[in-house]
Amino acid sequence: MSTRQLVNLSTQIELLAPAKNLECGIAAIDHGADAIYIGAVSHGARAAAGNSIEDIKTLCEYAHQYLARVYVTVNTIVYNEELGDVEKLLLDLESAGVDAILVQDMAIVEIIRRMWREGRFNMAIHASTQTDNRTPEKVAWLAGQGFSRVVLARELSIQEINEIHHHVPNVEIEAFVHGALCVSYSGVCYASQHCFRRSANRGECAQFCRLKFDLVDADGRQIDKSRYWLSLKDMCRIELLEKMAESGVTSFKIEGRLKDVDYVKNVVAAYSQKLNEIIKHSNGRWCRQSLGHSEYAFTPNLYKTFNRGYTDYFANGVRKNIASVDTPKALGEYVGKVKEIRRDSFNVAGTAAFANGDGLCFFDQERMLHGFRVNRAEGNRIFPLRMPPELRAGMGLYRNSDTAFEKKLAGKSAERRIPVRMILRYKDQDLVLQMSVMGANVEIEAHREMELQLAQKPQQENMQKQIAKLGNTHYVAQEIQIDVKTAAFFIPSSVLTELRRDAVETLDKKLAAMALTKRQAHVTNQVIQQQMPTPHIYCEYDYMYNVANHLAHHFYSQNGQKGVGKAFELIREKKQKRVIMQCKYCIRQLLGYCSHEGKKAPWREPLSLRLPDGHNFRLGFDCRNCQMLVFAE
């Protein structure tokens, strides 16, 4: 039985994959994604990952064959002079067949709601994680503004997600399950703008959190050596998918719109297989949103893809081992310890197999990361191109580039087909080929009115052979039935071929119409939701509303919001002593001196992070809210 059955009583769940470009988007669909999120030519939160309307249209057409969806990120803040361009972009995306838009700026909500009322826009809107969605009140407020889905903050625990779902049960919940972590709550990080004039809220983050800092106390004393104090490991929640589904999550999001196609293939395949396994044993509680089943030419392995080490973050409450303070670079998979070192080679104690060209890395005695390429591998003996002088026996070894694995991913590594049942019958001079999607309420018929003659020999084998020829389509004949009486007639192979082609074309059209209907139904629900009364929202600092244009300001005024300031990016006066990061991650807790544990720290606060150029950033600890603040100094 297909794990993608669209049973009425089942809750549809979605694996949502990132796409840097069209190639990545198609690969994600092929490898099992139910939906894709991708950036348009502008105003996506990854400025380096823009795509043309033509490519997005092509991706929509490809995805909709499987009833998979395409969401486009228009989730930056917008300046006044850009509002006209954004409206045109939205209309272009509507024409391209996009299913929903991810939004941060409330000006875009104003524009979309106007176009809804005018009947010229049929896309849903999703609240990007950039809108800082961490409380039931905020999610309820967003629902009242017309958002059908909210992307929650990465920092929330499964219990907190569950509380939000019970508070606002009619809103779809999207949550991250894999990929790089921002140390600050999304949407309220201004470090890159403050230091480099590159706004994270404009898609231009300079990755301030991946820099090396000194940690100093109030007396200027360095507490520890220079480290990457704000760099976190990568998220991996593949073992928590079922618990997240039980908490109300319906869309499982993989981070990575700047990642290459190999990352997309491997990670999507791993999570798709896991979701199928969960659904198989769910007794019909869940089903996949899209159609089709993927077959792979490789075995997915998350440790063979870019990662800084994995953490489930705060899924089960506050955790200590979530930072990657020794390096912000990829470690890959642990492959064993260095055993014996010779002049030009060494061997590895472990079970891993190596290949020429593999990339390996290790931490030296000072916890500095070093990497090198394998020039030649003979079993577990490694001959580097140049022996690293820092390498010592007993050191752990990691592989961050696996040549053999990458070779498997380089070619056609997956094929996705929709299983169908095909039934051929002949009655009253009407030849009918019925084609239905297995496990789904989707069925069509193709007809040929013709007079047939009885055959001199059995025809069933040839009929099945001709009907089953679906190789150049995205369908696979899982079951073929030939009516007993029909099998007695002679039907030319050319007629069967034409009938099969007609059936495939008709089913294609029906699925395309279903994809369009689903999109329009989404919008109808939102327009109704928009009439709901909603609570006010409150931001601790007035610039954290991220208002950069007059429409957004009008939006908040109409909703009775007070204390709304202009966006951090528009503040021209000196920005000292402003909060530029809000983090659930806490350096004090990392070092073992969480105030809730009552252990007295051996330093005098405030603590500061100091860059090599002398710039200081004071740390504040809001222990009541379990939050670390980073201030511009």
Side-chain angles (χ1 to χ4, degrees), residues 154-155 157 181-185 188-191 194-195 207-235 308-329 331 362-370 390 392 394-396 540-541 576-633:
R154 293 170 173 87
E155 291 81 0
S157 68
L181 288 165
C182 299
V183 70
S184 174
Y185 284 98
V188 292
C189 180
Y190 309 98
H194 172 75
C195 295
Q207 295 199 310
F208 172 85
C209 57
R210 304 296 181 187
L211 299 177
K212 182 179 273 191
F213 299 91
D214 293 331
L215 179 62
V216 298
D217 66 9
D219 301 315
R221 182 172 61 91
Q222 188 166 335
I223 292 173
D224 203 334
K225 66 179 182 179
S226 297
R227 287 187 167 187
Y228 301 92
W229 290 106
L230 297 178
S231 180
L232 301 183
K233 294 180 179 179
D234 288 1
M235 179 189 283
R308 302 173 178 89
Y310 286 128
T311 173
D312 63 15
Y313 208 29
F314 298 108
N316 293 304
V318 176
R319 303 293 287 270
K320 290 185 178 180
N321 190 27
I322 65 175
S324 177
V325 296
D326 291 320
T327 180
K329 297 179 180 178
L331 291 178
F362 64 94
F363 288 106
D364 68 16
Q365 293 171 325
E366 300 299 319
R367 296 297 295 169
M368 297 287 291
L369 187 68
H370 301 272
E390 303 85 1
R392 301 285 184 273
M395 288 181 172
E540 190 173 354
Y541 303 94
Q576 272 72 7
K577 305 200 183 300
R578 287 198 174 96
V579 173
I580 57 173
M581 278 185 172
Q582 287 185 325
C583 315
K584 190 165 186 176
Y585 160 75
C586 176
I587 290 176
R588 194 158 71 179
Q589 192 239 16
L590 172 75
L591 294 173
Y593 295 100
C594 173
S595 65
H596 297 299
E597 296 174 2
K599 187 177 177 182
K600 184 172 174 59
W603 58 70
R604 194 166 68 89
E605 295 189 2
L607 299 180
S608 295
L609 294 173
R610 184 174 62 203
L611 286 171
D613 64 5
H615 279 86
N616 267 21
F617 303 89
R618 180 170 61 83
L619 301 180
F621 299 97
D622 178 4
C623 298
R624 185 172 61 86
N625 294 309
C626 201
Q627 190 168 260
M628 181 178 78
L629 306 176
V630 181
F631 291 86
E633 290 288 319

Going through the checks in order, is the side-chain contact (heavy atoms from CB on, under 4.5 Å) test met by Ile322 and Leu181?
CA-CA 10 Å; Ile322 65 175; Leu181 288 165; over 6 Å; no
Checking Gln207 side chain against Cys209 main chain: does a donor-acceptor pair fall under 3.5 Å?
no
Do Asp219 side-chain atoms and Arg221 backbone N/O form a donor-acceptor pair below 3.5 Å?
no
Side chain of His596, backbone of Cys623: donor and acceptor closer than 3.5 Å?
yes
Determine, stepwise, if the pair Tyr313 / Glu155 fulfils side-chain contact (heavy atoms from CB on, under 4.5 Å).
CA-CA 7 Å; Tyr313 208 29; Glu155 291 81 0; 3.7 Å; yes
Ring of Tyr593, cation from Lys599 - is the NZ or CZ under 6.0 Å from the centre and inside 45° of the axis?
yes
Can you tell me how far the CZ atom of Phe363 sits from the NE2 atom of His370, to the nearest 0.5 Å?
10.0 Å
For the rings on Phe617 and Phe208, is their centre-to-centre separation under 6.0 Å?
yes
Given Gln582, which of Asp622, Val188, Val183 fulfils the side chain to side chain contact (heavy atoms under 4.5 Å, CB included) condition?
Val188
Hey, what do you get for CZ (Arg610) to OG (Ser226), rounding to the nearest 0.5 Å?
8.0 Å
Check: Arg618 side chain, Leu609 main-chain N or O, donor-acceptor pair, under 3.5 Å
no
Atom OG in Ser157, atom CG in Asn316: separation rounded to 0.5 Å?
8.0 Å
Separation between OG (Ser184) and CE (Met628), nearest 0.5 Å, reads 9.0 Å
Enter the distance from Arg578:CZ to Tyr190:OH here, rounded to the nearest 0.5 Å.
11.0 Å
Counting only heavy atoms not in Glu366, do more than 12 fall under 6.0 Å of its CD?
no
side-chain contact (heavy atoms from CB on, under 4.5 Å), that's the test. Do Phe213 and Leu611 meet it? Break it down for me.
CA-CA 5 Å; Phe213 299 91; Leu611 286 171; 3.3 Å; yes
Please confirm whether the backbone N or O of Phe314 pairs with a side-chain atom of Lys584, one donor and one acceptor, at under 3.5 Å?
no
